[in-house]
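Contents: one structure, followed by commentary.
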Amino acid sequence: MSPRSTVAQARRTRDRIVDRSVALASVDGLEGLTIGRLATDLGLSKAGVLGHFGTKETLQLATLERASALFTSLVWEPAAHAEPGLRRLRAVCESWISYLEHAREVFPGGCLFTTAAVEFDAHDGPVRKNVARLLLVWRRRLAGEVRLAVDAGHLPADTDPEQIVHELTGIYLALNQALQLLRDPLAATRTRHALNRLLPSAA
């Protein structure tokens, strides 16, 4: 086998491990990731799993980065083509609902970032720092769309983008809880009602 083939195979194996870690962490949390469980699920040796990461913390950080890329592809990218501002913000809100309702193959336990935020909010260290960083990146992206909507005259001039983002975050935390814990069949409908009170419809 050529060195290039060996590198490609190692990359594929690493990708399989990280993808499985995302699914497991959405259910059991990042702390629930174990080398033994991953090895069993993927038909690998423990050494084969550990060799790609070295430490559990490195695996957790890689899992967060993959989850962030998947979130972007499921929530941002479907709306990215929309007109910047309110229209795109409303499109993002709709794809965010779809992500929480339907992305079960990727995130069987619901939003991994919601789980990780609760899991690590009272801890220090690189994992907590990266959870906070990724959530702040998302909040800044949303706030940017609110500012564009204000500049375009779609929202009042005195709109506080950070306040809008704060309330949006609360709405989607409630949606994740209603779907995951309460199994509320009206969760998405209630979320759309809340959005309509917070944001005007995009004409």
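- Note that CG of Leu155 and CG of Asp160 are 11.5 Å apart. Values are rounded to the nearest 0.5 Å.
- Both Leu198 and Val75 sit in one connected hydrophobic cluster of ILVMFWY residues. Membership requires side-chain heavy atoms under 4.5 Å apart, directly or through other members.
- Salt bridge status for Lys129 with Asp124: absent, with no side-chain N to carboxylate O gap under 4.0 Å.
- Residues Trp76 and Leu148 do not share a hydrophobic cluster, defined by chaining ILVMFWY side chains whose heavy atoms lie under 4.5 Å apart.
- Put simply, the side chain of Lys56 reaches to within 4.5 Å of the side chain of Glu31, judged on heavy atoms.
- Between Glu162 and Glu167 the shortest side-chain heavy-atom distance does not fall below 4.5 Å.
- Closest non-hydrogen pair, Arg190 versus Asp184, comes out as NE-OD2, 3.4 Å.
- Listed for the Thr58 side chain is no donor-acceptor partner under 3.5 Å among the backbone atoms of Gly54.
- In this structure, CG in Leu59 is found 8.0 Å from CD1 in Ile17, a value given to the nearest 0.5 Å.
- Side-chain contact of Ser98 with Ser95: a donor-acceptor pair under 3.5 Å is absent, judged by distance alone.
- Note that CZ of Phe120 is 11.0 Å distant from OG1 of Thr115, once rounded to the nearest 0.5 Å.
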Would you please test Arg140 and Leu136 for side-chain contact (heavy atoms from CB on, under 4.5 Å) and show each step? CA-CA 6 Å; Arg140 290 185 189 119; Leu136 284 171; 4.0 Å; yes
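- A donor-acceptor pair under 3.5 Å is formed between the side chain of Thr40 and the backbone N or O of Gly36.
- With rounding to the nearest 0.5 Å, the separation of CZ in Arg192 from CZ in Arg90 is 10.0 Å.
- Shown here is His102, whose NE2 atom has more than 12 heavy atoms of other residues, nucleotides or ligands within 6.0 Å.
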Show your working on side-chain contact (heavy atoms from CB on, under 4.5 Å) between Asn130 and Glu65 and close with a plain yes or no. CA-CA 9 Å; Asn130 274 272; Glu65 292 301 326; 3.8 Å; yes
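- Between the side chain of Glu145 and the backbone N or O of Gly85 there is at least one donor-acceptor pair closer than 3.5 Å.
- Under a 3.5 Å cut-off, the side chain of Arg128 and the backbone N or O of Asp121 do form a donor-acceptor pair.
- You'll find the side chain of Leu168 reaches within 4.5 Å of the side chain of Leu195, heavy atoms only.
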What do the steps show when you test Val92 against Arg141 for side-chain contact (heavy atoms from CB on, under 4.5 Å), and what is the final call? CA-CA 11 Å; Val92 166; Arg141 175 170 277 184; over 6 Å; no
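- In plain terms, the two heavy atoms of Ala62 and Arg14 that are nearest each other are CB-NH2, 3.8 Å.
- Minimum interatomic distance between Leu33 and Ala25 (heavy atoms only, all atoms of both residues): CD2-N, 4.1 Å.
- A 4.5 Å side-chain heavy-atom check between Thr114 and Gln177 finds every atom pair outside the cut-off.
- Of the possible donor and acceptor atoms, one in the side chain of Tyr172 sits under 3.5 Å from a partner among the backbone N and O of Cys93.
- Using a 4.5 Å heavy-atom threshold, the side chains of Leu64 and Gln60 count as separate.
- Remark: the backbone N or O of Leu30 is paired with a side-chain donor or acceptor of Glu119 at under 3.5 angstrom.
- Two residues are said to be in side-chain contact when any heavy atoms from C-beta on lie closer than 4.5 Å; Pro200 and Leu86 meet this criterion.
- Among all heavy-atom pairs drawn from Asn176 and Cys111, the shortest one is OD1-N, 3.2 Å.
- Val22 approaches Leu112 most closely through the heavy-atom pair O-CD1, 3.5 Å.
- Arg147 places no side-chain N or O within donor-acceptor distance of the main-chain N or O of Pro161, the cut-off being under 3.5 Å.
- For the atom pair CH2 of Trp138 and CH2 of Trp96, the computed distance is 6.0 Å after rounding to the nearest 0.5 Å.
- Pairing each heavy atom of Pro108 with each of Ala23, the nearest pair is CG-O, 3.6 Å.
- Under the 4.5 Å side-chain criterion, counting only non-hydrogen atoms from C-beta, Leu38 is in contact with Ser21.
- Taking the six-membered ring wherever Trp is involved, the centroid distance between the rings of Phe107 and Phe71 does not fall below 6.0 Å.
- Residues Val49 and Thr13 form no side-chain contact, since every pair of their non-hydrogen atoms from C-beta on lies 4.5 Å or further apart.
- Note that the CG atom of Leu134 and the CZ atom of Arg139 stand 13.0 Å from one another [nearest 0.5 Å].
- Within 6.0 Å of NE2 in His166 there are 12 or fewer heavy atoms belonging to other residues, nucleotides or ligands.
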